[in-house]
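These notes are about the structure you will find just below.
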Amino acid sequence: MCGIVGYTGKKQAAPILLDGLSKLEYRGYDSAGVAVRNNAGKHEIVKTNGKLAVLSDKLKKGKTLKGTCGIGHTRWATHGMPSEINAHPHCNDDRSIVAVHNGIIENYIELKEKLTGKGYTFYSETDTEIATKIVDYYYKKWKSPVEAMVSFTLRVRGSYAIAVMFEDYPEEIYVARKDSPLIVGTTEDGSFLASDVPAILKYTRNIYYVDNMEIAMIQKGKATFYNVDRKVIQKKPVKIDWDLDAAEKGGYKHFMLKEMHEQPKVVTDTLNSLINNGRIDLSAARLSDDELRSVDRVRIAACGSAYHVGVVAKYITEDLARVPVDVDVASEFRYRNPVFGENDLFVVISQSGETADSLAALRMAKECGVKTLAVVNVLGSSIAKEADKVIYTKAGPEISVATTKAYSAQLIVFYVLAVQLAYARGKIDGDAYSRLIDEMLNLPSLISSVLSDDERLKWFATKISNKKDVFFIGRGIDYAICLEGSLKLKEISYIHSEAYAAGELKHGTISLVEDGTLVIGVITQLKLAEKSVSNLTEVKSRGAYVMCLTSEGNYSLEEQSEFTFYIPKTNAYFAPSLAVIPLQLLSYYVSAAKGLDVDMPRNLAKCVTVE
Ligand code: M6R
């Protein structure tokens, strides 16, 4: 959470910093600030509470803050409530050292005590002020920024991407990183640092990824990287092939709307990266059929929507490939003591590749000697780097906090894995294999047709936007779809919603259904349809207001519901890719109808790098 940027070069820093922060606001948006070294060689710090627009207005889009070297920050509060005083940058008493930080300093209490004993005073409630003063302490001791950053790295526990300016070292920015993303880009005109690629993509596509326990000195047009032994390390930049427009709204009102409409393309791109001439090809991930045959159990850990993809994967893989699959929420998994088998394949799913709990689950599996595979969207992210094998989703940058296109791209990877596992293990023959591949390849055009059928959903959204409680019910794969539909609705519309396995409802929760309670029944799995219909009848006879999401042809369901939405027919395994679309659109239109901030819902951030 939190986004950091930095620039040193020939141009005015403040407009570049504000522009970069605007691309990182998805990481946190409760307060923001910048520090620029002014023409007199002093650090000027400007901070505001609230969204970045407040800071931008205060600085007249950066025009009023002169200077060519600076750092900036957009915050998602962890230590201390959102306020101007808690906003970054933080500084030492004479402002000769200023810093921005993303992450959590775990031993901040111990460090604060140490510094208090040395005469330091603290003004904010943040761990970042303590981090800044630790750097100050070591700088005063060693008189060298690199030494100060090395000492910081060795002394501090937790996660950080920290950028520091020292008044004694004009036009230079020093960074250190552990478990929070940090990238650097250099051009002849200037150098940049950021928490994520979109912030600097318009200046350079050649990105250096700062690794854990590394330090960098960033100068105009140049970056020097060090390890904690103070040795210079040579790094090669990675070329980023994302569209420049990918991180812009491109005429859409919200990123979420744009990203939903990008789903046919990202599904196509992800399929194309995994299917070659009508056959699945996992060689890029170095996953051979022999390896797939040797897997006794798949264990998936992930968070939020990525976890929901795991639930879909469980149903499909067990049914199609007859391989047992366990799915866990990563925050639980990491603190369990799971019993791993010798031939387990541990799979972590993450859009950002930085989610703290997913990363910790991956590390735990690795420590236990289990083979690991990551399904990740962000190139060079921590999870991508640390897993034994990686399959990249081709979703491009996803800015909206509510994930849509990354979820859809992740689903594709797990369809492909399930089909290849089934084929490699002889559970399906060549004909079935080819048929499943064809059906997958047809998904993008079916997704497009669902996306174009949004007028009725827009209308229905206005009818339900005042609801207080919503229940999503379904069985099997439909239950997995419900999980995602429910999360989408609650995170951006603030309507309380729950996903229930339809058969479980009457074991308690049905007592909450009363006149007008909205129940959304998802019925795409025909073999379970009759049972789900009975459950819908039960809630309807208790006064529920029912929406039904089903496949074309199930027209009798209209009798059970006030509003029915049909998705095109497809293979039942792949129905989640179609069924999730109307649920995303519905959530979007409810949020928009309520006038809420669709892309930046309250209390949330895109990348959850804290526990
Ligand atoms: O970056 P990750 O995929 O690891 O993120 C996991 C969750 O935080 C994420 O899916 C979250 O649930 C989304 N906001 C849901 O829309």
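Just so you know, ligand 1 is whichever comes first in the structure, and atom 1 is the first atom listed for that ligand.
K389 contributes atom NZ, which lies 5.5 Å from atom CZ of R286 (distance to the nearest 0.5 angstrom).
In this structure, atom 10 (O) of ligand 1 lies nearest to the protein heavy atom S305 N, 3.1 Å. In this structure, atom 3 (O) of ligand 1 lies nearest to the protein heavy atom Q351 N, 2.6 Å. Scanning all protein heavy atoms for the shortest distance to atom 8 (O) of ligand 1 gives V608 CG2, 4.0 Å. Distance from atom 16 (O) of ligand 1 to its nearest protein heavy atom, with residue and atom name: E491 OE2, 2.3 Å. Looking only at protein heavy atoms, the nearest one to atom 4 (O) of ligand 1 is T355 OG1, 2.4 Å. Nearest non-hydrogen protein atom to atom 1 (O) of ligand 1 is S352 OG, 2.7 Å.
Looking at Q263 and Q584, their side chains do bring a donor and an acceptor atom within 3.5 Å of each other. Side-chain polar atoms of S31 and N49 form no donor-acceptor pair below 3.5 angstrom.
Annotation: V401 places an N or O atom under 3.5 Å from an N or O atom of ligand 1; distance criterion only.
A salt bridge does not link R602 with D597: none of the charged nitrogens is closer than 4.0 Å to a carboxylate oxygen. Ion pair K490/E498 not flagged as a salt bridge, since none of the NZ, NE, NH1 or NH2 atoms sits closer than 4.0 Å to an Asp/Glu carboxylate oxygen. Ionic pairing of D30 and K51 is not present here: no N-O contact between side-chain nitrogen and carboxylate oxygen is shorter than 4.0 angstrom. A salt bridge is defined here as a Lys NZ or Arg NE, NH1 or NH2 lying under 4.0 Å from an Asp or Glu carboxylate O, and K405 with D269 fails to meet this definition.
Under 4.0 angstrom from ligand 1, the non-hydrogen atoms of L487 all belong to its side chain.
Of the candidates A302, C303, P601, it is C303 that places a heavy atom closest to atom 7 (C) of ligand 1.
The stretch residues 452-464 participates, sequence neighbours left out, in these side chain to side chain donor-acceptor pair (under 3.5 Å) pairs: D454-Y589.
Of all the atoms in ligand 1, the ones that sit under 4.0 Å from a non-hydrogen atom of K488 are 15 (C), 16 (O). Those atoms of ligand 1 with a heavy atom of A402 less than 4.0 angstrom away are 16 (O).
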